[in-house]
Amino acid sequence: MIRIAFTMIGGKSWTGGYNYLLNLVTLLSNDQSRAVAPVMFFGTDVNEDDVTPFVALNSVQVVRSPLFNRSRCLKSLLTSIVTSADWGVRNLFRVHQIDVTFEVAQFFGFNLGVPAIAWIPDFQHRFLPHLFSRVGYWKRDIGFRIQILGKREIMLSSEDSRIACEHFYPSSRGRTHVARFAVQPKGVIAPSAARALADKYELPERYIFLPNQFWQHKNHLLVVEALKILHRRGQEVTIVASGSQCDPRDPSYFPRVRAAIDSSGLSSNFILLGLIPYRDLAPLAVASMALLNPSLFEGWSTTVEEALSWGVPLILSDLDVNREQAGEAAVYFDRYDAHALADALASATPSSPDIVFERAAKAQAVANERVNRFIADFHSLVQRAANRR
């Protein structure tokens, strides 16, 4: 059994990162082979509600330590670079007999004494540099370069990301590994139960679900333009959007989206739910006609992966990674063309309960295969890292 250390990913500013971590650790906890034993390290400043789901998992050890407090992140990084390791973290890993550590936007040192896997979610700053401040761009880029220089095994979520990584950082070649994120099916959701939750939110019978955080690259403004086009055509389509309404890189983004909705008279066609409980996402997706992701950039979309596991129809922007992830299960549109998106939205139709059940049942089997592949690829990477000792 290989003991692997995980630390907090995401939070209120990046719920996708937190959900990724929880899903991965849950899958490892449920894995009957018990080949990998997760050990979660949380700072003492982490909200107890964020820790509780991990405590509830079988075969997962949880450790709280101020060494992982967010206020210490910069000090940890500087210490790791200047003295070759964050010695406090190194000693704590030794106490807990850690064999491999999993780094995300972190670096614990060139001489950590424990093999490390660095997960790089995406290379957005390279493709959409205008969305980053100069400091934000170089902070991200230098962080990736340090991890690669530190001889980490590099975990990527798609072949698209692997190609980008080896193009932008040639020294990573030979250490890049693709492990395509997958989510464990949670059982078929009855259409009546899904509709009951939609009624609780006072949603219309027909809507398209957009569960993305309001970050600029998520492309919500194109959706507003598409709805305006549909309105002029006499076609009424309703978008229901959930997700955090704060873009840490551009706090003005959500106010601009809301202003565009209001000024266009589309408040009844673009419903804003804000950040909703994670447990509500699946029923609201199942009750919808389709799930929409109009993003200008993705690494490997959590919302798309979850929709695939629920058997929900998809309307996606024409990113190569979206095609890699969803294949023929989606309708694609030009991510810069509001008319193309309007046509895609207009093509969505409601489904009978029987069809919803049938899609969900088929999706369960496919999702199980995707989960098995993800875990097998992750196990292989962990073993490869452990062998570097």
Side-chain angles (χ1 to χ4, degrees), residues 2-65 68-70 98 100-106 117-122 155-157 179-187 189 211-213 242-244 275-285 291 298-310 325 367-368 370-379 381-382:
I2 299 173
R3 290 172 62 81
I4 180 168
F6 292 95
T7 57
M8 182 70 168
I9 302 175
K12 290 183 178 180
S13 63
W14 184 31
T15 55
Y18 177 83
N19 291 335
Y20 181 100
L21 175 65
L22 180 57
N23 179 75
L24 172 55
V25 175
T26 299
L27 292 178
L28 295 175
S29 171
N30 294 337
D31 179 35
Q32 296 300 310
S33 74
R34 295 287 187 265
V36 174
V39 183
M40 289 297 313
F41 290 86
F42 289 105
T44 55
D45 59 349
V46 175
N47 190 299
E48 198 63 36
D49 290 342
D50 291 333
V51 178
T52 299
F54 294 91
V55 174
L57 296 174
N58 295 323
S59 307
V60 176
Q61 182 181 353
V62 173
V63 179
R64 302 293 295 266
S65 170
F68 300 96
N69 286 2
R70 292 186 183 278
I98 298 301
V100 175
T101 186
F102 189 77
E103 291 181 343
V104 184
Q106 293 169 313
I117 296 169
W119 176 46
I120 301 180
D122 63 59
M155 179 173 134
L156 304 159
S157 296
R180 295 178 176 87
F181 171 72
V183 296
Q184 186 70 53
K186 299 176 177 65
I189 299 170
N212 277 354
Q213 297 185 108
S242 69
S244 171
L275 194 59
I276 64 175
Y278 178 73
R279 64 180 178 274
D280 289 351
L281 290 178
L284 292 184
L291 184 138
E298 290 288 344
W300 190 265
S301 171
T302 302
T303 57
V304 168
E305 195 63 31
E306 290 177 330
L308 288 169
S309 76
W310 304 323
Q325 185 173 9
N368 280 322
R370 293 167 81 95
V371 165
N372 291 338
R373 183 185 65 184
F374 176 48
I375 291 301
D377 289 342
F378 188 77
H379 279 180
L381 175 53
V382 172

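- The two residues Leu275 and Ser244 come nearest to each other via the heavy atoms CD1-N, 3.7 Å.
- Between the CG atom of Leu21 and the CZ atom of Phe6 there is a distance of 7.0 Å, given to the nearest 0.5 Å.
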Would Gln325 and Ser301 count as a side chain to side chain donor-acceptor pair (under 3.5 Å) if you check the C-alpha gap in whole Å, the side-chain angles of each, and the deciding distance to 0.1 Å? CA-CA 8 Å; Gln325 185 173 9; Ser301 171; 5.0 Å; no

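- Distance alone, capped at 3.5 Å, is enough to place a donor-acceptor pair between the Trp300 side chain and the Phe181 backbone.
- The shortest side-chain heavy-atom distance between Phe378 and Phe102 falls under the 4.5 Å cut-off.
- When all heavy atoms are compared, the tightest approach of Ile189 to Pro283 is CD1-N, 3.9 Å.
- A distance of 6.5 Å separates CG in Leu22 from CG in Leu57, rounded to the nearest 0.5 Å.
- For the residue pair Thr26/Gln184, the side-chain donor-acceptor check at 3.5 Å is not satisfied.
- A donor-acceptor pair under 3.5 Å is absent between the side-chain atoms of Asp31 and the main chain of Leu27, judged by distance alone.
- Note that CD1 of Ile120 and OG of Ser157 are 10.5 Å apart. Values are rounded to the nearest 0.5 Å.
- Taking the six-membered ring for Trp and the full ring otherwise, the centers of Phe42 and Phe54 sit less than 6.0 Å from each other.
- Phe374 places a side-chain heavy atom less than 4.5 Å from the side chain of Leu24.
- Of the possible polar contacts, one joining the Ser29 side chain to the Asn58 backbone as a donor-acceptor pair under 3.5 Å is found.
- One N or O on the side chain of Gln32 and one on the backbone of Asn30 form a donor-acceptor pair closer than 3.5 Å.
- Taking CD1 of Ile4 as the reference point, atom OG1 of Thr101 lies at 7.0 Å (rounded to 0.5 Å).
- In terms of heavy-atom proximity, Val382 sits nearest to Val100 at O-CG2, 4.0 Å.
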Determine, stepwise, if the pair Leu28 / His379 fulfils side chain to side chain contact (heavy atoms under 4.5 Å, CB included). CA-CA 9 Å; Leu28 295 175; His379 279 180; 4.0 Å; yes

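- The closest side-chain heavy-atom distance from Pro53 to Tyr278 is not below 4.5 Å.
- Side chain of Asp122 to backbone of Glu298: no donor-acceptor contact under 3.5 angstrom is found.
- Checking side-chain atoms of Thr52 against main-chain N and O of Glu48 turns up a donor-acceptor pair under 3.5 Å.
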Check against side chain to side chain contact (heavy atoms under 4.5 Å, CB included), Val51 and Met40: CA-CA 9 Å; Val51 178; Met40 289 297 313; over 6 Å; no

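- In terms of heavy atoms, Ala367 sits closest to Pro185 at CB-CG, 3.4 Å.
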For Asn23 and Thr302, run side chain to side chain contact (heavy atoms under 4.5 Å, CB included): C-alpha distance rounded to whole Å, both residues' side-chain angles, the deciding distance at 0.1 Å, then the answer. CA-CA 10 Å; Asn23 179 75; Thr302 302; over 6 Å; no

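- Listed for the Asp377 side chain is no donor-acceptor partner under 3.5 Å among the backbone atoms of Arg180.
- Listed by chain and number, the residues in a ring pair (Phe, Tyr, Trp, His ring centres under 6.0 Å) with Phe41 are Phe68, Phe93, His96 (sequence neighbours excluded).
- Here Trp119 pairs with Tyr20 under the ring pair (Phe, Tyr, Trp, His ring centres under 6.0 Å) rule; sequence neighbours left out.
- What you find for Val46 and Arg64 is that their closest heavy atoms are O-NH2, 3.0 Å.
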For Glu306 and Leu291: C-alpha separation, side-chain torsions, deciding distance, then whether side chain to side chain contact (heavy atoms under 4.5 Å, CB included) applies. CA-CA 10 Å; Glu306 290 177 330; Leu291 184 138; over 6 Å; no

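- Closest non-hydrogen pair, Asn69 versus Ser65, comes out as OD1-O, 3.8 Å.
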